[in-house]
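The sequence lines fix the lettering, A, B, ..., with proteins before strands; numbering per chain opens at 1.
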Amino acid sequence: MFSFSNMISDIYKEYNTFSKSEIEDLLFIDDIDKDSPISQNNRLRINKLIIKGEKNTGEIIEFSKDFYSGVNVIFAENGKGKSSLFKIIKFGLTGDKESIKKDVLKWLNEVSLEFNIGETTYTTYIDLSGKRTQGVLYRKSINEILAAGENIERISIIFETKTDKDFKEFMQEFIYNQFSYYSLKWTSGNKDTIDLIENQTSWKTYYKSIYLESKDYNVLFLNSDFGSQGKKILEMLLGLRLTYAINYLTQKKDHLANSQNKQDYLMKQNNDQINVEELIEELESIEEDISKLQEDKKKTFRKSLDIEKYNSLSNDLKTVNDELQKAINEKEELEKQLNQTNRRLIRLEEEREFGAFFSNLEIKMCPRCEHTIQSNKKEVEKSDHKCMLCEHELEDASPEQKEIIDIKINELKKEAETLATAIELLIGRIDDKQQISEQYLIEIQKIESNIETVDFLNDDIDTLSNLIQQKVEIEYQIKMNSFANKDDSQNLDEKIKVLEHAIKYLNSHRLELSKEILKSLEELILSQINKFGLTNVTDVVISKNLDIQFLQNGELNKFSELTEGEQLRAKIAFYLGLMLLDINYGMGRHPRLLIIDSPGKEEVISKDLISLASIFKEIEESYSDKLQIIIGTALEELVDASASQKVLKRGNEEFVF
Amino acid sequence: MNRIDRTYRDKLRILLILYFFSEEIDADSEEVEDQYKKVFRSEVRIQKIDFLIRYPDYLSFELLELLEEDESRINKEEIKEEIKSIFDNNEPEIRRDDMLRYFFGAYEEIDHIIAFLVSTDFIVYKSKKNAAGREYDKIYYLTQNGIAKIENQILKHIDKTKWYGERCKLIKKYFGNLTGTELKVRQYTHEEYRLTPINEYIKGVQENVKNKYYSIFGEEI
């Protein structure tokens, strides 16, 4: 298993400019174990599609089609609505209707799509007749909904939406929950602004791995691949561990890098405006003005009074007040001590006096049995030094004890006297100091009242305070400038380096943790490719960056480097491989539904099409209860790709719906 | 505090409490023998009176509270003078004899003192025992011999008992009619007392007394 704390320790060793907890904060990931490659064992299966509407010709559309587990084929001539049908299915599953051709969209009034996720049956019902798209998701089959009519129980409605946007969002949330998908993020820049734009993958993005459109056969995932969305689809479908963490830290790094760019930019701007040397010059001249003014002021001051005397008096006052406070504190401390001593003294004196009385008392009664003590017992105590009651040995301690108490009392008395004398002395000292302090105060007040009568030039005072304010402002500017130049940007730089390091670290660990699953996927894709007749591909390699590469004649080729005919088969092989990974090993999160639109139009030769058809047939035979493939084609060869009852064949010039 | 300075002081204090706060026994009563002259009831009462002797500040506070409760019954001027004298003599500092807080308030074991007072024939001690062997209804009788010793020797010839005698009289005057439990309830109204953890010394309330004194008499102690 991956250990976050090990990662922190490893990285901390390399970047000791940060404390360990700083590194921890920087690399904190809220949900490091979010990803799991273990299959949810959920598959998506389309059961039935009903389309109602009216074409612009006035022809009523009442299309209803059942789909089956396994391989389904829809055969019709090009331009007769196969793609539209698939796009309507996409609409039903994702809420995205943008790809449906505008004219076809106008025909549609109602779309009902019944599908299964695992054992549960759902139906999306979309009403397009009004101004706004209304969408409902039921936990019911179409037949059950039709049977219930208006009386359908509210509990079987998962959501109801009134806008396109809501419908799309709710469908995404629903599917995300079912398949443990989530959105992966990336940032992008823009010429118009210095800020970053945040983007994220959506259910629509992941749907690219279900719906293979004919325009996309030259790419594995997407035509225009912003922010490596293709790679993100694969990461999500495989559920590779640490994917969330990598994505999270990459985001963070991008934002920090952006802050740094911003800062650099601002600094450049500032530097253009502020010339530090000029500032320093200005500051020096202001300081000169200030000291000149202050000198003038002092001179005026000295003319009218003795500033030196004032200063020394203030100092003296402070000193004497300090001494006064010290003496008061000392007195309080001594008083406490005296209290303690007196307390002890009282106790000992009482003890001595009471003891003298009590210890000479005659023992008359046994406290246990309340009998009078007999005189012979008393005799025994005297002669044998044994207690007359319990016969324990008696220690002859009383004279010594008394002496000890006497000595202690004398000591305490002396101590009390000393303390009292010391307190007296302190009281005297405090009085003296207080008098001195008062005298100083009177003299100072005299000088202060003189000051008030001295004429100052108000203008000078204003100028001085203005100058001081200017000085402070310039000093601040200089300080900020030097601050911005050094610390912050360096720190950001270091942080970015740490993040980059961590991302690399996580990537290599992810690869290590995913070794087995990637290896299995490679093998599955290879065997499918070979079945498809691409025998010159001798190995499939998934690179560190999750690029799928194909070994041909000793050369590793990327998908884009394959020929068109090869690409189609490699792509289908790849997706079959993904589905088989789940079926055979219980790994990955592909929904095991594949909609293949018009595979191999012109560029694939007939022989290859026949082998394609036979492979689909083979899949139908082996896995018909484990996956679903819907193929739309205009090619005769593919009509035989499945069992005949799963083939919808339209005749010449006939529309699908 | 080592043992040396608290062997006989405690004995004397408890003895004086028993003496000053006990009642004459009705001569016609048949419940006790002739030589028992006075009777004192309940150990709790000993403990609570002892507390007031040992904490002059608490005593002052109680007196002030008494004044607040019912001014008509009490001589305001006398209370003022008593408290002033307690504080002038610095009693809360030098006379305070710390007591531990126990389950039922201030408490200190006095069994050995009682045993001593019994053996020297000052008192006779009676109690009942319940089924669990626990003593209850503790009664202390002062013997004729004991009373004679207290009156003729202790109070007359031992100077340092004077303070205790005066203090007992003062407490008796204002709180003498209260039982141990009533005294305890009064003492529990003090937050400092009630909130003292078990087995820790109860702290003084000098500041509270000073504040209350000021608010009642309008002058500082």
Side-chain angles (χ1 to χ4, degrees), chain A residues 332-374 377-378 381 387-390 395 397-398 400-409 411-412 415-416 419-420 423, chain B residues 1-16 33 35-36 54 56 89-98 111-127 140-141 143 145-146 149-150 152-164 204 206:
Chain A
E332 279 172 3
E333 184 52 38
L334 289 183
E335 279 170 345
K336 260 189 220 161
Q337 283 181 31
L338 182 61
N339 278 339
Q340 290 280 338
T341 309
N342 282 333
R343 191 173 172 185
R344 263 178 80 55
L345 196 56
I346 286 175
R347 288 175 183 208
L348 278 177
E349 283 175 341
E350 284 179 2
E351 190 59 35
R352 181 169 64 179
E353 218 179 291
F354 302 160
F357 172 76
F358 278 123
S359 59
N360 290 324
L361 284 177
E362 187 184 354
I363 301 297
K364 289 185 175 170
M365 189 84 83
C366 171
R368 170 80 180 131
C369 63
E370 292 177 23
H371 282 103
T372 314
I373 309 292
Q374 277 156 6
K377 286 261 181 194
K378 294 178 190 173
E381 177 170 305
C387 171
M388 66 183 83
L389 295 177
C390 67
E395 282 172 44
S398 41
E400 278 174 39
Q401 193 110 325
K402 196 176 168 302
E403 269 171 43
I404 292 171
I405 292 180
D406 286 343
I407 292 168
K408 280 205 170 172
I409 285 174
E411 280 172 6
L412 286 173
E415 200 180 312
L419 283 169
I423 290 169
Chain B
M1 216 53 63
N2 53 28
R3 288 299 303 173
I4 194 171
D5 58 355
R6 63 176 325 151
T7 35
Y8 295 113
R9 286 175 61 241
D10 294 339
K11 287 169 184 159
L12 178 106
R13 209 177 53 248
I14 301 299
L15 178 63
L16 291 186
E33 295 165 41
Q35 72 267 34
Y36 305 167
R54 291 167 65 163
N89 291 326
N90 217 354
E91 282 189 23
E93 295 291 344
I94 62 175
R95 282 282 180 184
R96 193 171 83 206
D97 197 346
D98 291 328
D111 290 355
H112 63 289
I113 297 174
I114 298 302
F116 173 82
L117 294 176
V118 169
S119 71
T120 45
D121 192 27
F122 277 98
I123 64 167
V124 172
Y125 165 68
K126 304 270 184 212
S127 71
Y140 310 84
Y141 296 99
T143 63
N145 167 48
K149 275 213 176 79
I150 292 166
N152 301 330
Q153 296 178 33
I154 296 178
L155 292 176
K156 255 189 196 158
H157 299 299
I158 306 179
D159 275 356
K160 295 203 183 290
T161 56
K162 197 170 164 240
W163 184 85
Y164 289 96
Q206 285 95 307

Q: Heavy atoms only, distances under 4.5 angstrom: which of V124(B), I154(B), L15(B), L117(B) has the most pairs with chain A? Name it, please.
A: I154(B)
Q: Is I114(B) close to chain A through its backbone or its side chain, or both, or neither, when contacts mean heavy atoms under 4.5 Å?
A: neither
Q: How many angstroms lie between atom OG1 of T143(B) and atom CE of M365(A), to the nearest 0.5 angstrom?
A: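 Atom-to-atom, T143(B):OG1 and M365(A):CE are 7.5 Å apart.
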Q: Under the rule for side chain to side chain contact (heavy atoms under 4.5 Å, CB included), what residues qualify as partners of E353(A), not counting sequence neighbours?
A: I158(B), D159(B), K160(B)
Q: Is any side-chain heavy atom of F116(B) closer than 4.5 Å to a side-chain heavy atom of T120(B)?
A: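 Touching, per the 4.5 Å side-chain cut-off.
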Q: Can you say whether Y125(B) sits under 4.5 Å from chain A via the side chain, the backbone, both, or neither, judging by heavy atoms?
A: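 Backbone only.
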Q: What residues, two or more places apart in sequence or in another chain, satisfy side chain to side chain contact (heavy atoms under 4.5 Å, CB included) together with L338(A)?
A: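 Here the qualifying residues are N342(A), A416(A), L419(A), I423(A).
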Q: According to the interplanar angle, ranging from 0 to 90°, do the rings of F358(A) and Y8(B) count as parallel (below 30°), tilted (30 to 60°) or perpendicular (above 60°)?
A: parallel
Q: May I ask you to name which of E350(A), K336(A), R352(A) has the most heavy-atom pairs under 4.5 Å with chain B?
A: E350(A)
Q: Heavy-atom pairs under 4.5 Å with chain B - which of L345(A), T372(A), L361(A) has more of them than the others?
A: L361(A)
Q: What part of E349(A) gets within 4.5 angstrom of chain B, counting heavy atoms only: side chain, backbone, both, or neither?
A: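 Both parts, backbone and side chain.
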